[in-house]
Amino acid sequence: MSAVFEKIRELAGKIEKGSTTQLDDRARACRAAKGEVEQTKALLANVRTELREDWSGGAGEKAIAALDAFAKNRDEQAEDLENSARSFEVVRDALEKAQKDARSKLADAEALQKKLDGVWQKVEDGKSNTVLAWAEDKVIKGEALLVLADLERVSITYDAVLLAEGLKIRNLTGRVWELAGSNKREPAEIIALALREMPGLAALVAKDPNLRMAVLRRDWDTLMKNPEVAQKVYDYFGFKYVENGDFYTTGEHSLQSFLGWHDFYDKMGGLIGTHLDETSAGGDNMEFTDPKTGKQYRLELWKGSYGFHGAYGGEVGFYTRDPDSDGLRGKLEHDHPGYYSTAQGEDQIKITQQVYDKNSGEVYFTNDGQGADGDDKRHFWNLAIRTDPDVRPEQLGQRATLEMPDADLRDRLYREMTRYATAHPEENLTVTMGSDHPPTLSYDWRK
């Protein structure tokens, strides 16, 4: 039996092993657990009301505050469970499509196998000769190789969805990680998957004249309006187009979430076509430490032009170094001074960023947390880029409001930003304290 047909059957068999029923069951289990969590919260609300009415004094206030915190935790848990259920449903639908496509490709392969067997049967029956049979053999096996290539694309497309949705679940606050069903992928595996997909993405562009011309013109808007291109770019690199704001942003599962931050990244700007202002003047950075945990935090701001002056926008990044980090994050932080991991879980912050014209005051666009998973809009990175070669980087100002996890961290960040602004007046950075509920601060950066 030809090796190509064996590979087709093997790959189709692997895809067929997936269970859409199990994924449905997991989605239902998440929603059932969510219902129980909401019932628990309702009971807590009744207890809180009774405490408020019948119990006064310091002990009562502490008990009520503890119940409030516990109820908030139940809200977050319910949101996590709902987002997990949606992810399982997305994977289920992708698996269902992959299995349908795999069965179709397997049927094509079986038909080709039957045709090939018929060719050699004619030789055995004396109705054909070996030379003609070899020629037909090559043609049929060539067709089978195309079927195998199509089936590999089906597998890779499903794997991309599984990767993206699995990362969403595993990057939640930790209460439903056990539902993810598999271990975290190593960053090297993520990169390998992305590299595997590049030929398919190139082939997709190559077969469409409009997409080819868009690449030559660096017309990213046209490229990203193609659903297949947009999905592949989002699955592997995290970029997506926000139509109602007319800008590009990034998801929490982007490849960049594994790369963290180091000052030498800024030195690579010219290679990737960026011309940016950045808050790392002379090696000075906005960094502070939480004395309770020993965890270090770093805030980075950027604004300017992207894509070799074909686009403009800004970024706000929030990063951490944790003495208790383990795995690859811990190794990178411990082995590389100056390396920070992307903020995850409870360390993420809500960022509302505006990019505007410093001269006219015109606001070009506002990203209020688009790209973040879930509804809390907390992220490690608020990026907003719009394609327009006529907006120059020196025109741009950036302002943002940052909502921190607690008032103490907000106060420490405020003091550090104020210190940095005073030390570097050329940055034209103004920092303003915001509300305490929630704890916020704002800044205006007019460098």
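Computed from heavy atoms alone, side chains included, the values below leave out hydrogens, waters and symmetry copies.
Looking only at atom types and distance, the side chain of Thr366 has a donor-acceptor partner in the side chain of Gln354 under 3.5 Å away. When only modelled atom types and interatomic distance are considered, Ser341 and Glu333 share a side-chain donor-acceptor pair under 3.5 Å. Between the side chains of Thr401 and Thr352, no donor-acceptor pair of N or O atoms lies under 3.5 Å. Tyr364 and Asp357 are linked by a side-chain donor-acceptor pair at a separation below 3.5 angstrom, with hydrogens and angles left out of the test. Side-chain N/O atoms of Tyr306 and Glu315 include a donor and acceptor closer than 3.5 Å. For the 3.5 Å distance criterion, the side chains of Gln99 and Asp101 fail to qualify, holding no donor opposite an acceptor.
Classification of Glu16 and Lys14 as a salt-bridged pair fails, no side-chain N sitting under 4.0 Å from a carboxylate O. Note on Lys100 versus Glu96: no salt bridge recorded, every NZ/NE/NH1/NH2 to OD/OE distance being 4.0 Å or above. A salt bridge is defined here as a Lys NZ or Arg NE, NH1 or NH2 lying under 4.0 Å from an Asp or Glu carboxylate O, and Asp373 with Arg378 fails to meet this definition. The pair Lys447-Glu426 fails the salt-bridge criterion, with no side-chain N (NZ, NE, NH1 or NH2) lying under 4.0 Å from an Asp/Glu carboxylate O. A salt bridge does not link Lys350 with Asp376: every distance from a Lys NZ or Arg NE/NH1/NH2 to an Asp or Glu carboxylate oxygen is 4.0 Å or more.
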Any chance you could lay out the side chain to side chain donor-acceptor pair (under 3.5 Å) test for Tyr241 and Asp246, step after step, and finish with the verdict?
CA-CA 7 Å; Tyr241 179 63; Asp246 188 23; 2.7 Å; yes
Walk me through whether Thr387 and Tyr248 qualify under side-chain contact (heavy atoms from CB on, under 4.5 Å).
CA-CA 9 Å; Thr387 53; Tyr248 294 91; 4.0 Å; yes
For the pair Trp261 and Trp381, evaluate side-chain contact (heavy atoms from CB on, under 4.5 Å) and give the outcome as yes or no after the intermediate values.
CA-CA 11 Å; Trp261 185 253; Trp381 191 23; over 6 Å; no
Any chance you could lay out the side-chain contact (heavy atoms from CB on, under 4.5 Å) test for Leu402 and Leu299, step after step, and finish with the verdict?
CA-CA 11 Å; Leu402 312 181; Leu299 181 72; 4.0 Å; yes
Applying side-chain contact (heavy atoms from CB on, under 4.5 Å), run through Val242 and Asn367 and close with a yes or a no.
CA-CA 9 Å; Val242 180; Asn367 182 354; over 6 Å; no
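Closest approach of Leu95 and Gly18 over heavy atoms only: CD2-C, 3.6 Å. Arg419 approaches Asn285 most closely through the heavy-atom pair NH2-O, 3.4 Å. Residues Asp25 and Arg28 approach most closely at OD1-NH2, 2.6 Å, considering heavy atoms. Taking every heavy atom of both residues into account, Trp445 and Asp277 meet most closely at CH2-O, 3.5 Å. Of all non-hydrogen atoms in Gly314 and Gln398, the two that sit nearest each other are CA-NE2, 3.9 Å. The nearest pair of heavy atoms linking Asp284 to Ala423 is OD2-CB, 4.5 Å.
In the displayed structure, Glu362 atom CD is contacted under 6.0 Å by more than 12 heavy atoms of other residues, nucleotides or ligands. In Lys358, the NZ atom is crowded: over 12 heavy atoms of neighbouring residues, nucleotides or ligands sit closer than 6.0 Å. Enclosure of atom NZ in Lys17 is not indicated, since only 12 or fewer non-hydrogen atoms of other residues, nucleotides or ligands lie within 6.0 angstrom. The 12-atom threshold is exceeded at NE2 of His262, counting heavy atoms of other residues, nucleotides or ligands nearer than 6.0 Å. Surrounding CD of Gln22 are at most 12 heavy atoms belonging to other residues, nucleotides or ligands under 6.0 Å away.
Annotation: the span from Glu10 atom CD to Leu151 atom CG amounts to 10.5 Å, rounded to 0.5 Å. Taking CD of Gln348 as the reference point, atom OG1 of Thr342 lies at 7.5 Å (rounded to 0.5 Å). For the atom pair Thr440 OG1 and Arg410 CZ, the distance stands at 6.5 Å (nearest 0.5 Å). Annotation: the span from Ser87 atom OG to Glu82 atom CD amounts to 10.0 Å, rounded to 0.5 Å. Rounded to the nearest 0.5 Å, atoms CZ (Arg412) and CG (Leu409) are 7.5 Å apart. Between atom CG of residue Leu413 and atom CE of residue Met433 there is a gap of 9.5 Å, rounded to the nearest 0.5 Å.
Although no hydrogens or angles enter the test, the distance criterion places no donor-acceptor pair under 3.5 Å between the side chain of Asp436 and the main chain of Pro439. The backbone N or O of Asp322 sits nowhere less than 3.5 Å from a side-chain atom of Thr320 that would complete a donor-acceptor pair. In this structure a side-chain-to-backbone donor-acceptor pair under 3.5 Å is present from Lys303 to Leu396. A donor-acceptor contact shorter than 3.5 Å links the side chain of Glu416 to the backbone of Glu287. When atom types are taken as modelled, the side chain of Asp388 and the backbone of Arg386 share no donor-acceptor pair closer than 3.5 angstrom. Between the side chain of Gln395 and the backbone N or O of Arg392 there is at least one donor-acceptor pair closer than 3.5 Å. Remark: side-chain polar atoms of Gln353 are not paired, donor with acceptor, to backbone N or O of Val316 under 3.5 angstrom. The backbone N or O of Arg92 lies less than 3.5 Å from no partner atom in the side chain of Asp24, so there is not a single donor-acceptor pair. Listed for the Thr289 side chain is no donor-acceptor partner under 3.5 Å among the backbone atoms of Gln296. At distances below 3.5 Å, at least one donor-acceptor pair connects side-chain atoms of Asn382 with backbone N or O atoms of Ile351.
In this structure, Phe380 and Tyr319 have tilted ring planes: the angle between them lies in the 30° to 60° band.
Aromatic pair Phe288/Tyr297: ring centres closer than 6.0 Å. Proximity of the aromatic rings of Tyr414 and Tyr443 is defined here by a centroid distance below 6.0 angstrom, and this criterion is not met.
In this structure the side chain of Leu23 never reaches within 4.5 angstrom of the side chain of Glu89, judged on heavy atoms. For the pair Tyr420/Leu429, a side-chain contact is recorded, criterion being any heavy-atom separation below 4.5 Å from C-beta on. Side-chain atoms of Val355 and Phe247, non-hydrogen and from C-beta on, never get closer than 4.5 Å to each other.
A cation-pi arrangement is found for Arg399 relative to Tyr356, the charged atom lying closer than 6.0 Å to the ring centre and inside a 45° cone about the ring normal.
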